Every structure is written in structure tokens, then in C-alpha cells.
Amino acid sequence: MRLPAGAAPVACVDIGGTKVAISIVNQQGIQGRLVEPTVKEGAPDALAQQVLRMLDASCAIAQVRRDNIAAVGVASCGPFVLNQGCIELAAPNICGGLAGAARGLPNSWTSAVLEAPLRSAFAKVRIENDGIAALEAERRWGALQGLRHCAYVTWSTGIGVGLCVDGRPLHGKSGNAGHAGHMFVSDNDDALCGCGNIGDLEALVAGNAMPRRFSALGYADAAGLLQAARTGDALAGQLVDELCRIMGRALYNLVVTLDLQRISMGGSVFWHHRDHLLPRLQAQINGRLPALTAGVEVVPAGLGDRVGDYAALALVM
């Protein structure tokens, strides 16, 4: 992806519960891409300071002056809260103060400062929930082009969703529309989500939920569990089938609530095992209430594992 001739460079920031990725996009394409683990220690503005430091480093690699950056697009995990009109992150996989010490995060933040420091450094900043930003990218360049009723879902460290109905992406009162990862779709009394809920979707199926739930059974991480299921481990297969039943139920709920045409999916958990997971997810939609589900497809993200980079870019192009 390149900017048109004469266009000033823009900066793209992708903030997730596991990593922060930053790049500069100019007329030569995507330059100076950097990736670091998401900072979760220090003062509540530590994440914002990490982003600013990485932006300076990315500009240096791309040989672009910071004051020549026309705009900064930030696709970030949420939810968002507003503090004097500026976005802070009340993100379950970043802020340890939301669920308390039992969650194991190394801070007591109830929100992570983000927008205010960025606005002090750059003239134009646009921050959106990463699900909404990825939805915009998939509608422009990916698997949702030409569709007016669709969703993007990420199955990764957490669960993120972007929603579009009647051609309009949904935002909500604080930019949090689409936080379906915190809906309840199954009974569970011990799966603690970082938001403080017990037994919501993210607590049950997210990438960082799998080791918390299944490490005692010998599956140390999501990749190990999913790989075991793919290679015929009977117990792992049963566990993954149940995860897909729960996630598929959530996808079904989105389809019948919003009358969608297609759902595009990305995220590290889904993307690396999409051939195994996709038919199991689709099976939870097919045949149920055909008046609303007939012809609805769940498809891999058209932008693949770079959807996060393009999500931030879609905010400033």
C-alpha cells in the first residue's frame, strides 16, 4: 500500500493486548515497521510513552521527520473511556485494576492514558477500536468489499468485533460498539475475564484464556492446544470443538441480531488454524433460522495477518 504522489506520510499504530506495531506509510509504501510487547508496567501513561518512543524510532528508520507526519491512525483494543474528552483504554488484557490481582497483570491501572499525549505531539490523531478499524480496512481492501451489512471479528489475545449495518460502521456512545467479546453465551462460574466478568466469551475462548483454563490438562498455550487438536489428540479435539461451539454461538448471535451478510475473521488464534476452525464456526450458523442465516458466510480476513497494519491505515486514508 502506497500513498499517492505528493501526499504527506502518515503513521499507523496497532495496539493489542500482546503487542504494539507501528509503521510509517509514504509514497514508497509501508516503512519502518516496529513491533514490541505491549507495556503493562509503570505509570498509567506508560503505554502512551511507549507509542511515542516507537513512533520516533519508526520515523528515524523511514527517514521521515516527526513534524512531517500528516496524521496518526491508532487501532486499539478497548473498551475506551473518556477523560476530559480524550480516550483512555479500559482494556482487560492491559489494565490489571479491572479484575484485580487474580488476573495476574503487573499493574493496578483501571485505564491506560492514550490520546492526550499523542495529541500533544501530533496535529491530527484518530483513534478507533481495533475491530472497527479492521472492519473499515476489510471493507476497503479486503473480504468485505461492496457489503453494507457485515462484521469483522478478531480471535486473538482477546475477542474484538467491528460492525457495519446499512453501510454505516457502528460506533456507540464512546466508540465501544462491537465489544461482543464480553457477551455471555454459555454458563461458566470460574473463567475470569480481565474486565472482571466471569464466564463471558473472551474469558472462555480468547488466546490468553486457553492456558488459564487448560494448562492443568497439559496444554500450556493456545497454539499447543490447537496444534494437538489438529494432529488427532482426542481431548484437545473435544476442547477445541467446544471453543468453536461457544465462538460460533456468538457469531450466530451477531448474524441474527444485525441481519448480516458476511463475517470476516482474523487474529492470531484464528489465522494460524483457520482451516481447522472455520468449518466448525460455520457449522454453528448453517441451518439455524435460515430466514436470517441462509447464505451468510464466515470467511478469512482478506488482508490476512496484516489486517492490523491496514486497520490503522484505513483511519487516515
Side-chain angles (χ1 to χ4, degrees), residues 1-78 80-91 93-95 105-107 109 111-130 132-134 136-137 156-157 175 268 303 305-317:
M1 180 64 65
R2 294 188 169 118
L3 297 186
V10 297
C12 301
V13 180
D14 177 25
I15 300 173
T18 300
K19 65 179 177 62
V20 175
I22 290 182
S23 57
I24 306 300
V25 180
N26 58 19
Q27 296 168 45
Q28 285 71 50
I30 297 175
Q31 308 287 319
R33 188 173 191 268
L34 296 174
V35 180
E36 291 184 5
T38 305
V39 165
K40 299 176 185 177
E41 295 183 283
D45 70 344
L47 175 60
Q49 297 307 319
Q50 177 187 26
V51 170
L52 288 171
R53 174 180 54 76
M54 291 178 68
L55 280 167
D56 282 343
S58 183
C59 284
I61 295 170
Q63 298 184 325
V64 171
R65 289 168 49 95
R66 180 201 264 196
D67 55 9
N68 287 338
I69 296 294
V72 179
V74 182
S76 176
C77 60
F80 298 163
V81 293
L82 298 179
N83 183 354
Q84 299 181 349
C86 286
I87 291 170
E88 298 183 359
L89 307 185
N93 297 310
I94 294 176
C95 298
L105 291 172
N107 66 67
W109 307 340
S111 66
V113 175
L114 181 61
E115 185 172 7
L118 295 182
R119 288 203 176 277
S120 71
F122 296 94
K124 182 178 180 183
V125 178
R126 182 183 174 193
I127 302 173
E128 291 279 8
N129 172 265
D130 52 4
I132 295 173
E136 293 197 21
S156 188
T157 303
S268 58
L303 296 171
D305 59 0
R306 299 298 299 274
V307 66
D309 295 329
Y310 284 98
L313 181 60
L315 301 178
V316 290
M317 275 192 68

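Quick caveat, the model's predicted, so the values are computed rather than measured.
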Q: From Ser156 OG over to Asp305 CG, what is the distance, rounded to the nearest 0.5 angstrom?
A: 11.5 Å
Q: About how many Å separate CD1 of Ile127 and CG of Leu114, when rounded to the nearest 0.5 Å?
A: 4.0 Å
Q: Do Ile15 and Asp130 have side chains that get closer than 4.5 Å, going by heavy atoms?
A: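 With C-beta onward as the side chain, the pair stays apart.
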Q: What distance do Cys86 atom SG and Leu118 atom CG have between them, rounded to the nearest 0.5 Å?
A: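 Reported to 0.5 Å precision, the distance equals 9.5 Å.
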Q: Just verifying a value: how many Å separate Gln50 CD and Glu36 CD, rounded to the nearest 0.5 Å?
A: 5.0 Å
Q: Counting N and O atoms only, with roles assigned by atom type, does the side chain of Trp109 sit under 3.5 Å from a partner on the main chain of Lys40, one being a donor and the other an acceptor?
A: no
Q: Is the shortest side-chain heavy-atom distance between Asp309 and Cys12 below 4.5 Å?
A: no
Q: Donor-acceptor pair, distance only, cut-off 3.5 Å: does the side chain of Glu88 make one with the backbone of Ser111?
A: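 Judged by distance alone, no pair lies under 3.5 Å.
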Q: To check you understand the geometry: which heavy-atom pair defines the closest contact between Ala134 and Val307, and what is its length?
A: CB-CG2, 4.0 Å
Q: For the residue pair Leu52 and Phe122, establish whether any side-chain heavy-atom pair is separated by less than 4.5 Å.
A: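 Result yes, sub-4.5 Å side-chain heavy-atom pair found.
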Q: Taking the side chain as every heavy atom from C-beta outward, state whether Met317 and Leu3 have any atom pair closer than 4.5 Å.
A: yes
Q: Where is the tightest heavy-atom contact between Leu47 and Ala112, given as atom of each residue plus distance?
A: CD2-CB, 4.5 Å
Q: Over all heavy atoms of both residues, which pair between Ser58 and Gly32 is shortest? Give the atoms and the distance, please.
A: OG-O, 2.6 Å
Q: What pair of heavy atoms forms the shortest contact from Arg119 to Val125, and how long is it?
A: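 In this case the closest contact between Arg119 and Val125 is NH2-O, 2.6 Å.
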Q: With distance as the sole test, does Asp14 use its side chain to make a donor-acceptor pair with the main-chain N or O of Arg306 at under 3.5 Å?
A: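 Not at all, since once roles are kept as given, no pair shorter than 3.5 Å links the two residues.
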Q: Is the shortest side-chain heavy-atom distance between Cys59 and Ile24 below 4.5 Å?
A: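 Yes - at least one pair of side-chain heavy atoms lies under 4.5 Å apart.
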Q: What closest approach, in Å, do Val316 and Val72 show between heavy atoms, and which atom pair accounts for it?
A: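 Scanning both residues completely, I find the closest heavy atoms to be CG1-C, 3.7 Å.
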Q: Considering all heavy atoms of both residues, which atom of Leu34 and which atom of Ala57 are nearest to each other, and what is their separation?
A: CD1-CB, 3.5 Å
Q: Measure the shortest side-chain to side-chain distance between Leu315 and Val74 over non-hydrogen atoms and say whether it is less than 4.5 angstrom.
A: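 In short, these two side chains do not touch, never coming nearer than 4.5 Å.
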Q: Donor-acceptor pair, Glu115 side chain versus Ile87 backbone, under 3.5 Å?
A: yes
Q: Apply the test side-chain contact (heavy atoms from CB on, under 4.5 Å) to residues Asp56 and Arg66: give CA-CA distance (whole Å), side-chain angles for both, the deciding distance (0.1 Å), then the verdict.
A: CA-CA 7 Å; Asp56 282 343; Arg66 180 201 264 196; 2.9 Å; yes
Q: Are Asn93 and Cys77 side-chain neighbours, meaning at least one heavy-atom pair lies under 4.5 Å?
A: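 SC-SC contact between Asn93 and Cys77 ruled out.
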